[in-house]
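Reviewing the structure listed below.
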Amino acid sequence: MKLQLPFYQNENTLEIAHNLIGKVIVTNFGNAKTSGIIIETEAYTGIVDKASHAYNNKRTARTEVMFGNPGIAYVYLCYGIHSLFNVVTNKPGEPHAVLIRNIKPYKGIAQMLQRRGHNKLTNKLTTGPGTVSQALGIHYSNSGESFLGSKIWIEDCHIQLDKTKIKVTPRIGVSYAGDHALLPYRFVINSNNIN
DNA sequence: CTGACGATTCACT
DNA sequence: GTGAATCGTCAGC
């Protein structure tokens, strides 16, 4: 079941970040279908969130996607090298997003290995937001792509997982965000707890 | 136009 | 644990 618009319109982005654990992110670029089970997310809660690119209502060409419709990909370049993939949530004018930080490879593993230049499946294939995008073939030029389209979407495959095993911790790499660096906005589950 | 910087990764030690 | 790689974005001139 492909997730539909109401899932992304939830105004509680922490809830969406929590709910995305165990869902399956799928990409279909150039006839190569690849997917992974989401096992780590971070919530970025809009203009009041010091760690968000949209903090203080900052609208630029790059962040404009987050201010628009939910159910859209916000992808941006980090450190000049890595495309980081986010799910835009909430409603227009509320620039909330969820960063996908780690997935468990699911389908199209051979294609993901090739994109990453690996020759065997290890936990390094998709650990970290930059490598998730690289494995799935997502580039920052894909920012603005709708999850109701045919290139990128998220499915509920009814993956079995124990929700009590989901850990909540502060977000990674946001020390610049002052007191907001410690907010418990990161959700993670050990891939051993996924079937 | 210019310069500083980052929601990171990887190879090394 | 440490440090280099690398370039679009954005603020400021």
Side-chain angles (χ1 to χ4, degrees), chain A residues 8 12-21 23 25 34 36 38-68 70 72-90 94-105 112-145 147 152 154 166-189 191:
Chain A
Y8 305 104
N12 185 340
T13 298
L14 292 170
E15 204 168 281
I16 296 181
H18 187 267
N19 288 339
L20 279 173
I21 301 290
K23 298 294 190 293
I25 168 88
T34 48
I38 297 169
I39 57 175
E40 182 179 346
T41 62
E42 281 179 3
Y44 288 83
T45 59
I47 64 176
V48 298
D49 184 348
K50 292 181 187 173
S52 171
H53 292 161
Y55 174 58
N56 206 19
N57 214 29
K58 188 162 129 181
R59 297 182 84 121
T60 66
R62 182 177 71 153
T63 64
E64 197 58 32
V65 169
M66 279 198 286
F67 286 85
I72 300 286
Y74 169 51
V75 191
Y76 70 94
L77 183 69
C78 187
Y79 291 96
I81 307 169
H82 309 289
S83 289
L84 269 58
F85 172 78
N86 298 254
V87 175
V88 176
T89 65
N90 210 303
E94 291 290 339
H96 291 213
V98 176
L99 173 69
I100 307 300
R101 292 190 55 88
N102 196 357
I103 62 174
K104 179 173 182 173
M112 292 196 275
L113 287 168
Q114 187 184 338
R115 284 177 179 145
R116 295 270 294 126
H118 287 199
N119 52 31
K120 64 177 184 195
L121 181 58
T122 67
N123 64 348
K124 285 187 166 57
L125 185 65
T126 54
T127 295
T131 65
V132 167
S133 296
Q134 192 183 2
L136 291 173
I138 298 171
H139 184 259
Y140 60 87
S141 61
N142 296 120
S143 198
E145 193 72 38
F147 299 142
I152 310 173
I154 302 173
I166 298 176
K167 288 181 184 158
V168 184
T169 79
R171 293 171 292 189
I172 304 297
V174 295
S175 54
Y176 60 87
D179 51 325
H180 288 184
L182 296 175
L183 293 172
Y185 283 5
R186 173 171 174 252
F187 301 87
V188 54
I189 191 166
S191 62

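Reminder, nothing fancy here: chain letters follow the sequence lines and each chain counts from 1.
- No side-chain donor from either of A/Gln134 and A/Arg115 sits under 3.5 Å from a side-chain acceptor of the other.
- Distance alone, capped at 3.5 Å, places no donor-acceptor pair between the A/Arg116 side chain and the A/Val132 backbone.
- Distance A/Leu77 CG to C/dA5 P: 17 Å, rounded to the nearest Å.
- Within residues 127-140 of chain A, the residues approaching DNA chain B are A/Gly128, A/Pro129, A/Gly130, A/Thr131, by heavy-atom distance under 4.0 Å.
- Considering only residues two or more places apart in sequence or on other chains, A/His18 meets the side chain to side chain contact (heavy atoms under 4.5 Å, CB included) condition with A/Lys163, A/Ile166, A/Phe187.
- Checking A/Thr45 against A/Thr13 by side-chain atom types alone, no donor-acceptor pair falls below 3.5 Å.
- The environment of NZ in A/Lys167 is sparse: at most 12 heavy-atom neighbours from other residues, nucleotides or ligands sit within 6.0 Å.
- Residue A/Arg62 places no side-chain N or O under 4.0 Å from the OP1 or OP2 atom of C/dG8.
- If you check residues 80-87 of chain A against DNA chain B, the residues with a heavy atom closer than 4.0 Å are A/Gly80, A/His82, A/Leu84, A/Asn86, listed by number.
- The side-chain hydrogen bond (donor to acceptor under 3.5 Å, both in side chains) search around A/Glu94 returns none, not counting sequence neighbours.
- Within 4.0 Å (heavy atoms only), A/Arg116 reaches sugar-phosphate atoms of the nucleic acid but no base atom.
- Between A/Tyr76 and A/His53, the distance separating the two ring centers is shorter than 6.0 angstrom.
- Between A/Tyr79 and A/Ala61, it is A/Tyr79 whose nearest contact on DNA chain C lies nearer the 5' terminus.
- The NZ atom of A/Lys58 sits 13 Å away from the C1' atom of C/dG12 (whole-angstrom rounding).
- Defined by atom type and a distance below 3.5 Å, a donor-acceptor pair is missing between the side-chain atoms of A/Tyr55 and A/His180.
- By the 6.0 Å and 45° rule, A/Arg62 does not stack over the aromatic ring of A/Tyr140.
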May I have the step-by-step check of side-chain contact (heavy atoms from CB on, under 4.5 Å) for A/Tyr44 and A/Thr89, ending in yes or no?
CA-CA 10 Å; A/Tyr44 288 83; A/Thr89 65; over 6 Å; no
Secondary structure of DNA chain B in dot-bracket form (Watson-Crick or G-U wobble, distances below 3.5 Å, | marking inter-strand pairs)
||||||.|||||.
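- For the pair A/Asn119/A/Leu113, no side-chain contact is recorded, criterion being any heavy-atom separation below 4.5 Å from C-beta on.
- The shortest side-chain heavy-atom distance between A/Leu99 and A/Leu84 falls under the 4.5 Å cut-off.
- Two residues are said to be in side-chain contact when any heavy atoms from C-beta on lie closer than 4.5 Å; A/Leu20 and A/Val98 meet this criterion.
- Protein chain A contacts DNA chain B over a range whose 5' and 3' limits, counting nucleotides with an atom under 4.0 angstrom from a non-hydrogen atom, are B/dG6 to B/dC10.
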